[in-house]
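Below is one structure; the comments refer to it alone.
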Amino acid sequence: MDLAFAVFLQVATGVATLLIISLGLAVIFGMMRVINLAHGEFLMLGAYSAIISVRAGLNIWVAMLVVAPIVVGAIGAAVERVLIRGLYGRVLDTMLATWGLSLALIGIVTMIFGNSVSGFSAPLGSIAIGGYRSSSYGLFLIGAAIVLLCGTWAVLRLTPAGLIARGTMQNAEMAAALGVSPGRVYAATFAAGAAISGLAGALIAPFSGVVPTMGTLYIARAFITVLTGGAAMLAGTLSASALLGSVSTLGTYFTTPVLGEVIMLVVAVLLLRLLPQGITGRFFRRAL
Amino acid sequence: MTIRRRTALTGLGATLAAPFIMRHAALGADPIVVVGIHDASGGLDIYGKPMIACLDFAVDECNEAGGLLGRPIKLINYDPQSNIQLYTQFATEAATRDRAAVVHGGITSASREAIRPILDRYRTLYFYNTQYEGGVCDRNCFCTGSTPAQNVNKVVPYVLKNWGKKIYVLAADYNYGQITSKWVVKYARDGGGEVVAVDFFPLNVTDFGPAIQKIQAARPDVVVSALVGGAHISFYRQWAAAGMKNRIQMASTTFGGGNESLVLSPEEGNGIVAAFSYFQEVDTPANKAFLEKFHAKMGPNAPYLGGELAMRTYVGFNLWAEGVRKAKTIDRMQVIEALESGITNDGPPGKTVIDGQTNHVSLNVYLAVCQDHGFKVLQSFADQPPSDTQSVCNLIKYPNTNKQFVIDVKL
C-alpha cells in the first residue's frame, strides 16, 4: 500500500514535471502558432539565471520563482521584438529563426559558462510515506504545476488582459478595429510564454543539473506533449502530460529508463495516429 | 629548352618547400609528438579536465628535464567534446597528420573501443589511462588504470563485511557499466552476498525518481553505483533529497573519479565508499612532493585530482617515457617490447609495474570514504595484479590477440 502510494507520488511528480516544461511552449504555440524551437534554451536560461543568483547569495526561492521568470521573460520580449515580430504567420521561417536562436543561445552560454555540468541541491528535505521516503521537492513541483496551470487559466479567463489576448488570437483584425494593438498583445504573450519557460527551467534545475545543452533533453518531450494535447492550450497540455507523464514514469519504474522513454513515444505516436488533432481535437473541445 | 607546365610546377614546388625541408633537417632535435585526446567539454569534462592538466604537467616536467632522447616533447591536446565521432576523427588525425609517437586518451570505454582499432590500424602506440572494466588484450594498447579485480574486488568485500549482503547495482548503460555490474555480481557471490537487481541508465538520464522508489521497494542493505558523468551526479543529489542517505549505505566504482565529491555538498556526498589506485589524499612523501610541485605550477587553477583518472594519466605518460628511454628509440615495436619487459614507475600513487602478459599494470589500491568534498583513505593494498585480465589474456603466448574479453556472469 505504501509502495503504491509512493509510486503514485512519483507518477504525479513525472506528470507535473512534464506539465511545467511544456506550458511555456503551449502558450507560445497554442496562442500564436509560433513553433518556438528555442524553447529548450529558454528552460536552460531560466536554470542558469537561478543558479547564478543562488551563487550570488540570493535566497533560493527568490532565485527560482522571481529572478528566473523575469530574466527569461525579458529575454523573450527582446527576442520577439528583434526576431519573431517580422515573421508572424510564416511558420517555416519562424522555425528556422528560432532554431538558429537555439544554437546561438547554446553557443553563447557555453562561451560564458563553459560546457560543464553545475547545479544546486533541491531545497526542502524528504518525507516519509509509510516505509518509503521521497523528496519533498517532488511535492513542491506538483504544487507548482497546479498553481501555474490555475494561474494561467485565471489570467486568460478572468482578467481583461486575458480577454484581450484571447480575442486577439481569435481575430487580430477585429481586435485592432476595436482599438487593441495586436503587436503589443503578441509581444506580451510571447514574453509571458518565455517567462513561464524560464520559471520551468529554474524549477527543474535542482534535479536535472545545469548545462548549456540541457534544453535538448527536454524539448522533444515538451513538443510531443503540446502536439499530443492539441488545440486547447491548457486542457490539452494537462491531459497530454497526465497521460504521457504517467506512461513514462510507470514504464521507467517497471522496465528501464530507456524502455520507459520508448513506451512514451509509442503511445504518443499511436495517439496522434488515432487523433490527428491531438486529444483536445476530439475531447474537451470547448476548453481553454 | 622549353619549359613545360609540369616541370615548372615541380620546380616551383621544390623551391617553395625547400626551406621547410631544410629547416626540419637543420634542427636535428625535432620534437617527439605526443597526442592527448580527452574530453575538455561536455558531460565527461568532469574527468577530462584534470586528466589534461596532469598530462600537460607530465610533459612540461619531462621537457624541463631535457626531453626524451635529447628531443623535446610536443604535446597536442584534442578535445572530443564528449562525442565519440570526434574521438575517431582525432585519433585518425593523430596517427596520420601528427604522426604521434604515442596517443594518450579515451575516458569512457566506449571512446576507447572507438579509437583502439584506428590506432591499431595505423600502428600508433596507445595508452588508456583510466580505470575500466578490464579484459582488453592488445599489444598496441597499454591500460594503466585499475580494473575490477583491483577496485571492485576491494569495494564489494568491504560492503559485504560492514553493511550487509543484499546489494542493488546502478550502472551507466554502456560497456563499462554493463561489464562492471557483472563483476559486482561475481564478487558479491564469491563473498556470500547477493545482488538483488541491476539497473542501467543512459548517460543523459537525470531523473532518478522512479529508480529511488524501486530501490526502496527492493530493500537492499547497500547500493553500489557505477554511474558515469555529469548527468548522473543528479542521482546522488536526488538520493540525499529523498532522505535515503542514512538509511541505505552506498559504495561506488566511479564516485570520485571526477569532481563528484566537489560538486556535491558534504550532506550529499559524505560516507560514499570508493576504491581507486590513487586519491589526492594518499599520504606518502612522493605524493606530497608531487602535489607541492603541481600546485606551484598550476597555481589556483590546479584541479582537484580526486580518484585515479588524472593521476593515471601522469603515471601513464611517465611509463611510456621510461619505455622510450629503455628502447632508446620511439619506434613503436621496440618501445612496446621495452614496456613489456616490466617497466616500473615509482610515482605519487606508489609503485606501478607493467605486466607484460596483459599490457595492464599492477598497482597499489586505496579504499576511501568521501568526507567534506574530499576523501579519507581507509585501507591500502600494495602491488595488486590485474588478475582479471591475466586470467583470460596472454600476449606472451598469443601476441596477435586483439580483442576485449568479457566476463560471463548470469544475473
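- Proximity to chain B among residues 240-253 of chain A is limited to A:Thr249, A:Thr252, A:Tyr253, judged by heavy-atom separations below 4.5 angstrom.
- Heavy atoms of B:Asp45 lying under 4.5 Å from chain A belong exclusively to its side chain.
- When the candidates B:Lys49, B:Arg247, B:Glu268 are compared by the number of heavy-atom contacts under 4.5 Å with chain A, B:Arg247 comes out ahead.
- Taking B:Ala241, B:Ser41, B:Ser265 one by one and counting their heavy-atom pairs under 4.5 Å with chain A, the maximum is reached by B:Ala241.
- At most 12 non-hydrogen atoms from other residues, nucleotides or ligands lie less than 6.0 angstrom from CZ of A:Phe8.
- Considering CG of A:Leu217 and CG of B:Asp207, their distance stands at 11.5 Å, rounded to 0.5 Å.
- Only the backbone of A:Pro206 comes within contact range of chain B, with heavy atoms under 4.5 Å apart.
- Using a 4.5 Å cut-off between heavy atoms, A:Thr216 does not touch chain B at all.
- For the atom pair OG1 (A:Thr13) and CD (B:Gln213), the distance works out to 8.5 Å, reported to the nearest 0.5 Å.
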